[in-house]
Amino acid sequence: MGSPGSEIFNEFTKLCKGLVLILVGVHIVVQLIPSSLTYFALIPARTIPFGWNLITASYVEQSIQGLVVSTLGLLFMGKLLEPIWGSKEFLKFIFAVNFLTSVCVFITAIALYGVTRQENYLYMPLSGFHGVLAGFLVGINQMVPDQELPRLKIKAKWLPSLMLLLSMAISFFTPESATYLSNLIFGTYMGWIYLRYLQRKPESKHRGDPNEDFAFSTFFPEFLRPIIDLIASKFHRNLCGKSEAFIDTLGYSLGSAPLPGSDPIEASRRREKGAGALEERLAAESLIAAGKKSEELQINGTNNV
């Protein structure tokens, strides 16, 4: 009979466990050889010619606390998202969000240096998997926005905004956490960009999710949505361009006709699939817990006899 820890670990997907090994392995290398951080982490002043930092930085956790959070987040959220998206799409999401987040962090650091002339923005090693964890929260929002999470008693659609607000609040009291903030902000937005415009839908042969209830402003309370819509629309024009040709490459159409993928029936099916997967996993965990309790009672009864 396997130990409870091994049984729980076996529930996670092979891909997620493989990525965890990469995170742990890179963390050990950085701890044993501190100079390797220069080659793996994102240091804006050295990104040229060390351009690979834009890819490797996301898999470097400099602290044990960050490693624990990233490992648990990857395993548990990956267990929900990977079966729905498929392993290939799950891996593409991780790569795209990590890379795009690193690019945005790099540009932000250069811009901050240009404004403040403080060299720490250029030479501070930036890294961590938390950008893609923020993107995972957006994916959960997309699948089961109205699903109330057990124990927390909050709906899944509020997870990204609550995470960002909490991170911003903490950054005022612990300066070290400010290094994570840019990754979390850009990870959330890049995760939404990917799911909104780029993710391929095998069932509809279109890309993205243009449904109004997945607009970026829906992550926030009602009174903030007009402001968020104004900002998001400017980002949309800058990132996606104004030409119809670009929009056509994403599989959308313009004019009065509804956008492909905006069919409420399709959206309902996607959410039902996500909610069903979440309920199945919660039920499976409940059965495992009940089985363990029954075994303990039997063992105790045998010992008493």
Side-chain angles (χ1 to χ4, degrees), residues 66 69-70 72-85 90 93-94 97 100-101 104 128-174 177-178 180-197 199 208-233 235-236 262 264 266-282 285:
V69 171
S70 294
L72 294 178
L74 173 59
L75 289 175
F76 283 98
M77 287 192 280
K79 184 174 68 170
L80 174 62
L81 294 172
E82 185 183 344
I84 304 297
W85 291 347
F90 183 74
F93 177 87
I94 291 175
V97 172
L100 293 174
T101 298
C104 291
F129 198 73
H130 33 280
V132 79
L133 295 183
F136 283 162
L137 292 180
V138 177
I140 293 174
N141 175 339
Q142 181 194 37
M143 287 197 307
V144 286
D146 296 319
Q147 180 73 38
E148 191 173 84
L149 302 180
R151 298 183 183 179
L152 296 179
K153 301 300 181 183
I154 58 175
K155 291 184 178 181
K157 65 181 180 180
W158 301 121
L159 289 178
S161 53
L162 287 175
M163 178 269 299
L164 290 178
L165 291 174
L166 181 61
S167 301
M168 291 178 185
I170 294 175
S171 67
F172 286 107
F173 302 99
T174 55
S177 64
Y180 295 88
L181 190 57
S182 58
N183 270 31
L184 293 173
I185 292 173
F186 288 120
T188 300
Y189 194 66
M190 291 302 117
W192 177 78
I193 286 288
Y194 184 87
L195 296 173
R196 179 74 163 176
Y197 299 108
Q199 187 182 54
D209 181 359
N211 289 287
E212 292 183 2
D213 52 6
F214 190 54
F216 192 68
S217 60
T218 61
F219 295 3
F220 300 89
E222 195 76 31
F223 70 93
L224 291 176
R225 291 181 184 178
I227 300 174
I228 301 298
D229 279 330
L230 180 63
I231 298 172
S233 64
F235 271 98
H236 172 79
S262 61
E266 180 185 336
S268 177
R269 288 175 180 171
R270 185 185 66 249
R271 286 176 179 163
E272 287 177 2
K273 186 177 180 180
L278 180 59
E279 290 175 358
E280 288 176 3
R281 297 191 181 284
L282 293 175
E285 291 173 0

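Quick caveat, the model's predicted, so the values are computed rather than measured.
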Which label fits [X] and [Y]: parallel for a plane angle under 30°, tilted from 30 to 60°, or perpendicular past 60°?
X    : Y    : value
Y180 : H130 : tilted
F129 : F136 : perpendicular
F93  : Y194 : perpendicular

Rounded at 0.5 Å granularity, tell me how far [atom1] in [X] sits from [atom2] in [Y].
X    : Y    : atom1 : atom2 : answer
M168 : L166 : CE    : CG    : 11.0 Å
L137 : W158 : CG    : CH2   : 14.5 Å
M190 : N183 : CE    : CG    : 12.0 Å
L75  : L80  : CG    : CG    : 13.0 Å
R225 : F216 : CZ    : CZ    : 12.5 Å
S167 : I185 : OG    : CD1   : 8.0 Å

Side chains of [X] and [Y] in contact at under 4.5 Å (non-hydrogen atoms):
X    : Y    : value
F214 : V138 : yes
W192 : N141 : no
T218 : K157 : no

Considering all heavy atoms, the nearest [X]-[Y] contact:
X    : Y    : answer
L133 : G73  : CD2-C, 3.8 Å
L164 : T188 : CD2-OG1, 3.8 Å
P83  : G78  : CD-O, 3.7 Å
A134 : M163 : CB-CE, 3.5 Å
I84  : M143 : CG2-SD, 3.4 Å

#### Entry: Steps toward side chain to side chain donor-acceptor pair (under 3.5 Å) verdict (D209, N211)
CA-CA 6 Å; D209 181 359; N211 289 287; 2.4 Å; yes
